[in-house]
2 protein chains.
Amino acid sequence: MHKEHILTKNQQIIFDLIDKSPEPLKAYSILFNVQKRGIKAPLQVYRALDKLVEIGKIHKIESRNAFIACHNSSCQVAKATAFSICEICEKVTEISSAGLSKYLANFKDKDGMKYSKYNLEFFGLCKKCNTR
Amino acid sequence: MHKEHILTKNQQIIFDLIDKSPEPLKAYSILFNVQKRGIKAPLQVYRALDKLVEIGKIHKIESRNAFIACHNSSCQVAKATAFSICEICEKVTEISSAGLSKYLANFKDKDGMKYSKYNLEFFGLCKKCNTR
DNA sequence: TATATTAATGTTATATTATTACACAGTGTT
DNA sequence: AACACTGTGTAATAATATAACATTAATATA
Ligand SMILES: [Zn+2]
Ligand SMILES: [Zn+2]
Ligand SMILES: [Zn+2]
Ligand SMILES: [Zn+2]
C-alpha cells in the first residue's frame, strides 16, 4: 500500500474542488473558484497542484492543461497513467486496465532504455457522442 | 501509402528548422529563429505548426510543449504516437514499435469506447544519463 | 475567362498558462 | 540557538497560445 499524505490547507481546498468536479479543471478556473476561500494568486494554485500531482492525488491531462482527481485508490499509478478523452464533449476518464499497465510497465524500446513513468492519452468519441 | 503534402513557404521554413534540430523545439524558439526569414508573429508559427502536426510531418510533445519532426516515413502514425523522454537531458526519441502500436491500436476499455488516436510518452533516463 | 471557394498570410492585440524572486512562518532536528 | 525543510503570501513577469480582422494566393467549377 501507500502512505497517506496529510494535505495542507491550500492543498485540501484545491483537491476538494478537483475531486468533486465531473470534469478536468484548469489552473485559472481553480483559482477563480477558490478565491473566496482565501487563495488569491496563481502561484498558490500551482504549488498545490504540483504537490498533489507528485503524491498521486491528481493527474495532469497534458493535452488539455487540466487536472483530474485520481480514483484508482489514490494512486498507486501516479507514474503510470492512462486516460480516454472524448474529442467532442471533452469527457475524460482514467483508464484502469491491468493488462495495459502490465504491457506498458514491461515495454522496452530498442535501446533497452527502461522507463520509470509513462502517460498515455487516447482520443476518440465517448459512447454518448458516438451515437448522435 | 500516404499523400505527399506540398508545404507552403512558412510551413517549409518551419519544418526545415524542426527537421534539422536534434531536439524538440518550442514555438517561441522557432519564432526567434525564423524572424530573419520574414516570419514575424507567433500566429504565423502556430498556424504552420498546426498544419504540420495535422499532416503528420511533425509531432507535439505534449508534456514539453515542443515539436519534433517525424521520422517514421512521414508519418503514417500521426494519430498513433509514442515517445521516450529523458528526464535529465530532455532527449526525445520517437518510438517505432510494431508490437506497441498494434497493442494500442487494438486496445479497448471497459466501455467499449473505440479510439481514433493516442499519444504515449515514456519518461526515464536515456542510456547516456543512466550511466553516469 | 470569370467567379466562387478555400487555404494561407500579415498584423495587432489579447488571452491563457506558468514561473521567478523575495519575505516570512511553522515544524522538527541538532 | 542554529539549521534545514516545507509551506505560505505577494508582486511581477515570462512563456504559451488564440481572437479578430484585413488581405492575398491557390483551387475549383461554371
Ligand atoms: Zn490515477
Ligand atoms: Zn463525448
Ligand atoms: Zn511520427
Ligand atoms: Zn539523457
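The figures that follow rest on heavy atoms only: side chains count, while hydrogens, waters and symmetry mates do not. Numbers restart at 1 for each chain; the letters A, B, ... are given by sequence-line order, proteins then strands.
When rounded to the nearest whole Å, the span between NE2 of A:His5 and C1' of D:dG7 equals 15 Å. Between the C1' atom of D:dA17 and the NZ atom of A:Lys26 lies a distance of 10 Å, rounded to the nearest Å. Between A:Phe15 atom CZ and D:dG7 atom C1' there is a gap of 19 Å when expressed in whole angstrom units. Rounding to whole angstrom units, CG of residue B:Leu7 and C1' of D:dA26 are separated by 15 Å. If you measure from atom CG of B:Asp50 to atom P of D:dT16, you get 16 Å, rounded to the nearest angstrom. In this structure, OH of A:Tyr28 is placed 14 Å from P of D:dA14, rounded to the nearest angstrom. Taking atom CD of residue A:Glu62 and atom P of nucleotide D:dA17, one finds them 12 Å apart after rounding to whole Å.
For A:Val45 against A:Ala27, the heavy-atom pair with the smallest separation is CG1-O, 3.8 Å.
Among residues at least two apart or in separate chains, there is no ring pair (Phe, Tyr, Trp, His ring centres under 6.0 Å) pair with a member in residues 17-38 of chain B.
For the atom pair A:Ile30 CD1 and A:Ile58 CD1, the distance stands at 6.5 Å (nearest 0.5 Å). A:Asp111 contributes atom CG, which lies 6.5 Å from atom OG1 of B:Thr93 (distance to the nearest 0.5 angstrom). Atom CD1 of residue B:Ile61 and atom OG of residue B:Ser63 lie 7.0 Å apart, to the nearest 0.5 angstrom.
Taking the 5' to 3' direction, DNA chain C first and last meets chain A under 4.0 angstrom from a heavy atom at C:dT17 to C:dA21.
Between A:Thr8 and the phosphate of D:dT8, there is a side-chain N or O to OP1/OP2 separation shorter than 4.0 Å. In this structure, B:Asn65 reaches the D:dA17 phosphate: one of its side-chain N or O atoms is under 4.0 Å from OP1 or OP2.
Note on B:Arg64 versus B:Glu90: salt bridge recorded, some NZ/NE/NH1/NH2 to OD/OE distance being below 4.0 Å.
Using N1 to N3 plus N6-O4 or O6-N4 for Watson-Crick, or N1-O2 and O6-N3 for G-U wobble, each under 3.5 Å, D:dA30 pairs with C:dT1.
Cluster partners of A:Leu104 are A:Ile95, A:Leu100, A:Tyr103, A:Phe107, A:Met113, A:Tyr115, A:Tyr118, A:Leu120, A:Phe122, B:Ile95, B:Leu100, B:Tyr103, B:Leu104, B:Phe107, B:Met113, B:Tyr115, B:Tyr118, B:Leu120, B:Phe122, counting Ile, Leu, Val, Met, Phe, Trp and Tyr whose side-chain heavy atoms approach within less than 4.5 Å, directly or via other members.
In this structure, the ring pair (Phe, Tyr, Trp, His ring centres under 6.0 Å) partners of B:Phe83, at least two apart in sequence or on a different chain, are B:His59. Shown here are the salt bridge (Lys or Arg N to Asp or Glu O under 4.0 Å) partners of B:Lys26, two or more places apart in sequence or in another chain: there are none.
Listed by residue number, the members of residues 31-49 of chain B with any heavy atom below 4.0 angstrom from DNA chain C are B:Lys40, B:Ala41, B:Leu43, B:Gln44, B:Arg47.
Annotation: of the two residues near DNA chain C, A:Ala27 and B:Asn10, the 5′-most nearest-nucleotide partner is B:Asn10.
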